[in-house]
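Each chain gets a letter, A, B and so on, in the order its sequence line appears, and its residues count up from 1.
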Number of protein chains: 2
Amino acid sequence: MTNTTLKLLAQQLQLSISTVSRALKDHPDISASTKAKVNALAQSLDYEPNAYAIQLRTQNSKILGVIVPAISNLFYDSFIAAVEEESRNNGYALMILQSSHNPENELDNLKIFRQNRVSGVFACLSSSSENLEVYKRMNEREIPVVFFDIVPKDNHFTKVRMADERCAIMAAEKIIKRNAKKVLALFGDEALSITQKRKSAFQKFMQDFAPKIHCSIAHASSSKEAEAITKKFAGKIQKPDTVFCMTDEILIGVMKAIQELEIKVPSEIGVISISNGFIPNLYYPHISYVETSGHELGKLAFIQMLANIKGGKTLTELTVDAKYVEGGSM
Amino acid sequence: MTNTTLKLLAQQLQLSISTVSRALKDHPDISASTKAKVNALAQSLDYEPNAYAIQLRTQNSKILGVIVPAISNLFYDSFIAAVEEESRNNGYALMILQSSHNPENELDNLKIFRQNRVSGVFACLSSSSENLEVYKRMNEREIPVVFFDIVPKDNHFTKVRMADERCAIMAAEKIIKRNAKKVLALFGDEALSITQKRKSAFQKFMQDFAPKIHCSIAHASSSKEAEAITKKFAGKIQKPDTVFCMTDEILIGVMKAIQELEIKVPSEIGVISISNGFIPNLYYPHISYVETSGHELGKLAFIQMLANIKGGKTLTELTVDAKYVEGGSM
DNA sequence: TTTAAAGTCGCAAACGTTTGCGAGAATTTT
DNA sequence: AAAATTCTCGCAAACGTTTGCGACTTTAAA
């Protein structure tokens, strides 16, 4: 069965295509009676406007692209979910592609987006040292780009991200309040700007407000690494009494080590992390965490996107605030 | 800056649009020298074919739609990730929408898909009692539909799903081997066919091969419910010595209760679940589980989709097999 | 040298919409 | 009753491709 088109409707009704088109969108030029007829027939033949023809004609695709490192991720999936929700409510559809942390894939994805003339793209950088040339060209073509989470340092882009410094500082505060003597602070991939921000804010705060606390900094880019590092530190003479985890991934590794070594939380060791809350609440006692909501970030990103699409350029860097959620691990 | 089109290229090269078009796709009619020139200019003006024009002309969108109840879900996100990967490798782009378990949203989503003339849709039913009329009409329009995970009973559709019965039976086998006396089996939403399949297979197997084991069946549609039920049963005189969890969600609730009540696993209680493995490995000891891989299912679904698109109708129900993964909880 | 066959390329229609403009019919105003 | 409005509606071009067909030019065969 072939799709019903305006032409088909026009033929059956002995009207012109333009009249049918206008009738369907309630144009004042058309009389109420013809509108009724047109709508009735359209209904019964279940006419669906061809999005491609519309987009070709109007040069407006009503499709937004999203690039994430991985869909299968506790943070990004909630981000995506939020963006999807907002998009649908605003008449946009989403095209989601994953870069798999591979810049080459990222380029492929952008190409697909360009070919599909998306109205805008949400992008999360897949790698640390990124060539931003492509994104600049997107902007030249007037395709707004909203970076989220892992954003470029460059100031020529619209960016939304968590208040990374605040997150790290809030965690540091709690650690100090806990009267920690020796803390192990685990951060993610050193090359990522998000890591740098969190780390430097954390270090500076600890330095400034509790210089006497001994702080071991380490980096882990996977759960396994985090687990290994934790075990190593737990084997030392001076075991850490508090551990800070920058991401869920790290927390998972840390907890594996802690559980295996049967270290008691929080009596023998305190644990605090930055997370959206899902993973921390899986453990017992619940892990205390500074909340970063992918959902909130998604909503914010969408607002920015809309502003960019409608109001021309608005280059700003917005952050969504964090809050501390008490578990039982500190 | 306006997008570069074939027309633009043609003008600059003093060629016809058709020649440019053919040159770019390496058509034998065009001489090597002109091809070279065309490609060079296309390159420098970074020409990107307009997907909408192509789709309008060729009536082939190269876009696949995916409907999931929720993106933010440990099973579905890995399914999506797999489908996305396969799709990109085969020149398809993905449009992902979530129904939020709401049939109304599902209809909206399908409408978007139809308007975008997707080449096919992967669908996971959002609700138990579903009106399949829409899907039938999609098939009439020759838009292949591949159902996954939560599939209709109707035999007029292509379906892929986990080997639900096998999963449940494998779990039952392990429970019997463990020499359980009293087991608590927790299943999900009773109306879902996936629940029914797993439950009836589980019950029948237990009945047939270990009728003496006392089996309490309960349903929970959230972690909270599962937690409450577990606590209730743990408070009885005859505590269960083994608990079976049909989903991750249930497992999480069960483990909350177990941890809170400080019940020892596996000495006081054995735990087994059906999962993709992520959640079970978070606990210590790791929870033993029957593996259902969203990733595998995604790949299978894509194969089926391709077969449907290319080879016309192939209505079958395929299942991906399961395997048991030993944790330390049994 | 003529004829046939390749080798190159352009014309034009089509895909399904939207929209400025103009035209005829019905209505209202002088 | 003529003139000015207002209602309805159709014409036709445009969006950027693809593709069958025909035409011209060059090369190979007779």
When the distance from [atom1] of [X] to [atom2] of [N] is rounded to whole Å, what number comes out?
X	N	atom1	atom2	answer
A/Glu48	C/dG16	CD	P	14 Å
B/His27	C/dT8	NE2	P	12 Å
A/Tyr52	C/dA14	OH	C1'	18 Å
A/Asn60	C/dT17	CG	P	17 Å
B/Leu6	C/dG10	CG	C1'	14 Å
B/Ile17	C/dC11	CD1	C1'	11 Å
B/Ile54	C/dG16	CD1	P	16 Å
A/Lys25	D/dT8	NZ	C1'	18 Å

May I ask you to say whether B/Glu48 pairs ionically with A/Lys111, meaning some side-chain N is under 4.0 Å from a carboxylate O?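 No, this pair does not count.
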Do A/Glu133 and A/Arg137 sit within salt-bridge range, that is, some charged N less than 4.0 Å from a carboxylate O?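 Salt bridge absent between A/Glu133 and A/Arg137.
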Choose from [options] the nucleotide whose nearest atom is closest to any side-chain atom of [X].
X	options	answer
A/Arg22	D/dC9, C/dT17, C/dG20	C/dG20
B/Gln59	D/dC9, C/dG16, D/dT17	C/dG16
A/Ser21	C/dC9, C/dT19, D/dT17	C/dT19

Side chains of A/Ile112 and A/Leu97: does their closest heavy-atom pair fall under 4.5 Å?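 Yes. Closest side-chain heavy atoms under 4.5 Å.
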Whether the A/Asn3 and A/Tyr47 side chains hold a donor-acceptor pair (N or O, under 3.5 Å, no angle test) is what I'd like checked.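 The criterion, which ignores hydrogens and geometry beyond distance, is not satisfied for A/Tyr47 and A/Asn3.
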B/Pro28 vs A/Lys7, nearer the 5' end of DNA chain C by closest nucleotide: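 Upstream on the strand: B/Pro28.
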Between B/Leu56 and B/Asp29, just flag the one whose closest nucleotide in DNA chain C comes earlier from the 5' side.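 The answer here is B/Asp29.
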Check: B/Ala53 main-chain N/O paired with A/Tyr52 side-chain donor or acceptor under 3.5 Å: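 Such a contact is absent between A/Tyr52 side chain and B/Ala53 backbone.
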Distance-only donor-acceptor test (3.5 Å): side chain B/Arg117, base C/dG16: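 Looking at the base of C/dG16, it does not pair with any donor or acceptor on the side chain of B/Arg117 (distance under 3.5 Å).
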Is the phosphate of [N], meaning OP1 or OP2, less than 4.0 Å from a side-chain N or O of [X]?
X	N	answer
B/Thr34	C/dT8	no
B/Ser16	C/dC11	no
A/Thr5	C/dC15	no

Base, sugar-phosphate or nothing for A/Ser18? Non-hydrogen atoms, less than 4.0 Å.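 Touches a base.
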First of A/Ser31 and B/Pro49 reached from the 5' end of DNA chain D, by closest nucleotide: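 Result: A/Ser31.
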